[in-house]
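This report concerns only the one structure given below.
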Amino acid sequence: DRIVQTEVTSHCERLRRLSPSAVRRTLLVTLIVTPNSADMMQQTLERAIRLFQATFGGEPEIAASAPGRVNIIGEHTDYNDGFVLPMALSRSTVVVGRRASPETSLSRAVGEAFPDESFSFDPSATLTRVSPDWANFIVGMTAQFKSNGASIPNFEVAIASDVPMGGGVSSSAALEMSIGRFLASVTGMDVDQVTLAKWGQKCEHEFVGVPCGIMDQLISSCAKQGHAMLIDCRSLECTPVDMADPSVCLLITNSNVKHKLSGSGSLECTPVDMADPSVCLLITNSNVKHKLSGSEYPERQKQCFAAASAMNLRSLREATMENLSLAKETIDEKTFQRARHVISENARTLRTAEALRQSDYKLAGILMAESHVSLRDDYEVSIPEIDTLVDIASRLEGVLGSRITGGGFGGCTVSLVKSDYVDAVMETILREYKDGSDKTLRASFRKPAPALALGSSEIEA
């Protein structure tokens, strides 16, 4: 508690210095703060405040933040009532804002990623899907508060983020949860984190058009210091899995290839330390940007539901391989493959959580590799760029396992790496990965320490 309060006070003081004229400031943060990531969040906060000042004049009174995430294992299982094992990232989305002046008739929003698309709407009106697309996250979360009894004042917000959009690390959930925390503050509504996650999922369904599960919103709202979170997506029970071994880490890599191969960018490798110094996770972002509101995501969801129905089960969470074999003659081959992935992925996720608890990183890596093969061949959500990144990583010394992470059709890979080999692994991936463009590949190397989840604090100017 002392550490958390110190960090909250530190960020409040930064906000005080940045906004000296504000009479009252509230800092609502649930984010990953480490010696490195605190600087990253500070930079994002400063950008959001400058954008607010340039757009609306004056100073913001509220700052809210939520992190992106990497899913270690458990892909496309959440909407099948299954198990997932995500971990929050040090990258976050920051929303700063205030109540609008009484004479202002609309709420207004601006995002640094869309500088030419400022948006306004009337919260008191009937809320429906809008244009531009990014504004639906704001309108959708506002609608959730409104439908649950909140009185929504007009407000002004500016948004900045260092969570890559379309990279499979839940930039949408980070935006939903940060907007939700801002709205909780501006309305004075007391909302627990699980409820906020449910509202974020409903926002995604009704206003963004993605029939997603609950994983992304739940880990963004409920992350715990130094832990992954084993989530039961039926009961919503969250069980922390200690990642306290700094001998291994997760490494994230981002190639910055655009959606449908229409552009190019920079390869980015981000190591995520665990408390065991011998291993880490390496997240690799292909930057082939996915859009999950397309046909691929809902099509696979329907196939899963059809497979469960064919077995007379409520969801694939209840299915076994024996159930599936008995139903094989009643479903088509693609539906069979989708169900086989989900059933086997649930088992892998539970085994991986236990392997990490026992520091059996070799087994955890094997299970991650099996997950990628299943996602590539049975669920068919991988792409050549992702497969190339996985193939490069998998043959390197010190890499225990590598797989696609996120919804698929682009985005990131995550690799479990022995910490002593992280630099060599990143250098080799940067050297050997080719994105088909004439751009020079480069990397952003960050090695954040274990996560620290902060609560909320209020200070007076």
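Sequential numbering from 1 along the given sequence is applied to the chain's residues. The figures here come from the full heavy-atom set of this structure, side chains too, leaving out hydrogens, waters and symmetry mates.
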* Flag the pair Phe83 / Arg317 as yes when at least one side-chain heavy-atom distance between them is below 4.5 Å, and no otherwise. => yes

* Begin from the C-alpha positions of Phe114 and Phe119 and carry the test ring-ring contact (aromatic ring centres under 6.0 Å, His included) through to its verdict. => CA-CA 10 Å; Phe114 309 98; Phe119 173 74; over 10 Å; no

* Cys412, Ser371, Pro86 screened by side chain to side chain contact (heavy atoms under 4.5 Å, CB included) with Thr405, the one that passes -> Cys412

* To do: Using a 4.5 Å cut-off on heavy atoms from C-beta on, say whether the side chain of Met311 contacts that of Leu324.
  => yes

* Check the angle between the aromatic planes of His76 and Tyr297 and answer parallel, tilted or perpendicular using the 30° and 60° thresholds. => tilted

* Asked: Checking Thr142 side chain against Ile138 main chain: does a donor-acceptor pair fall under 3.5 Å?
  -> yes

* Min side-chain heavy-atom separation Tyr379-Cys304 under 4.5 Å -> yes

* To do: Would you check, one step at a time, whether the test side chain to side chain donor-acceptor pair (under 3.5 Å) holds for Asn346 with Thr349?
  => CA-CA 5 Å; Asn346 273 324; Thr349 301; 5.4 Å; no

* Asked: Does Asn71 reach the main-chain N or O of Met87 with its side chain, forming a donor-acceptor pair under 3.5 Å?
  -> no

* Keeping the roles fixed (side chain from Lys146, backbone from Ile152), state whether a donor-acceptor pair exists under 3.5 Å. => no

* Asked: For Asn323 and Thr320, does a side-chain donor sit closer than 3.5 Å to a side-chain acceptor?
  -> yes

* **Side-chain ion pair, Arg351 and Glu370, N-O less than 4.0 Å** => no

* Considering only heavy atoms from C-beta outward, does the side chain of Arg338 approach that of Phe305 to under 4.5 Å? -> no

* Asked: Below 4.5 Å, heavy atoms only, C-beta onward: do Leu316 and Asp81 meet side chain to side chain?
  -> no

* Answer yes or no: is there a donor N or O on one side and an acceptor on the other, between the side chain of Ser178 and the main chain of Val94, under 3.5 Å? => no

* To do: For the residue pair Met243 and Ile72, establish whether any side-chain heavy-atom pair is separated by less than 4.5 Å.
  => yes

* Are the side chain of Glu112 and the backbone of Arg47 linked by a donor-acceptor contact shorter than 3.5 Å? -> no

* Asked: Does the Arg129 side chain pair with the main chain of Val208, one donor and one acceptor, at a distance under 3.5 Å?
  -> yes

* Counting N and O atoms only, with roles assigned by atom type, does the side chain of Gln144 sit under 3.5 Å from a partner on the main chain of Gly140, one being a donor and the other an acceptor? -> yes

* Asked: Do other residues, nucleotides or ligands put more than 12 heavy atoms under 6.0 Å from the CG atom of Asp190?
  -> no

* Would you call Thr413 and Arg403 a side-chain contact if the rule is heavy atoms closer than 4.5 Å? -> no

* Say whether Ser344 and Arg340, considering side chains only, have a donor N or O and an acceptor N or O under 3.5 Å apart. => no

* Any donor-acceptor pair under 3.5 Å linking the side chain of Ser415 with the backbone of Val417? -> no

* **Pair Arg181-Gln193, side-chain donor/acceptor within less than 3.5 Å** => yes

* To do: Please confirm whether the backbone N or O of Ile404 pairs with a side-chain atom of His372, one donor and one acceptor, at under 3.5 Å?
  => yes

* Quick check: does any side chain N or O of Ser170 sit under 3.5 Å from a backbone N or O of Ser172, one acting as donor and the other as acceptor? -> no

* **Gln217 side chain near Glu204 side chain, heavy-atom distance below 4.5 Å** => yes

* For the side chain to side chain contact (heavy atoms under 4.5 Å, CB included) test, which of Asp391, Thr428, Thr388 pairs with Tyr433? -> Thr388

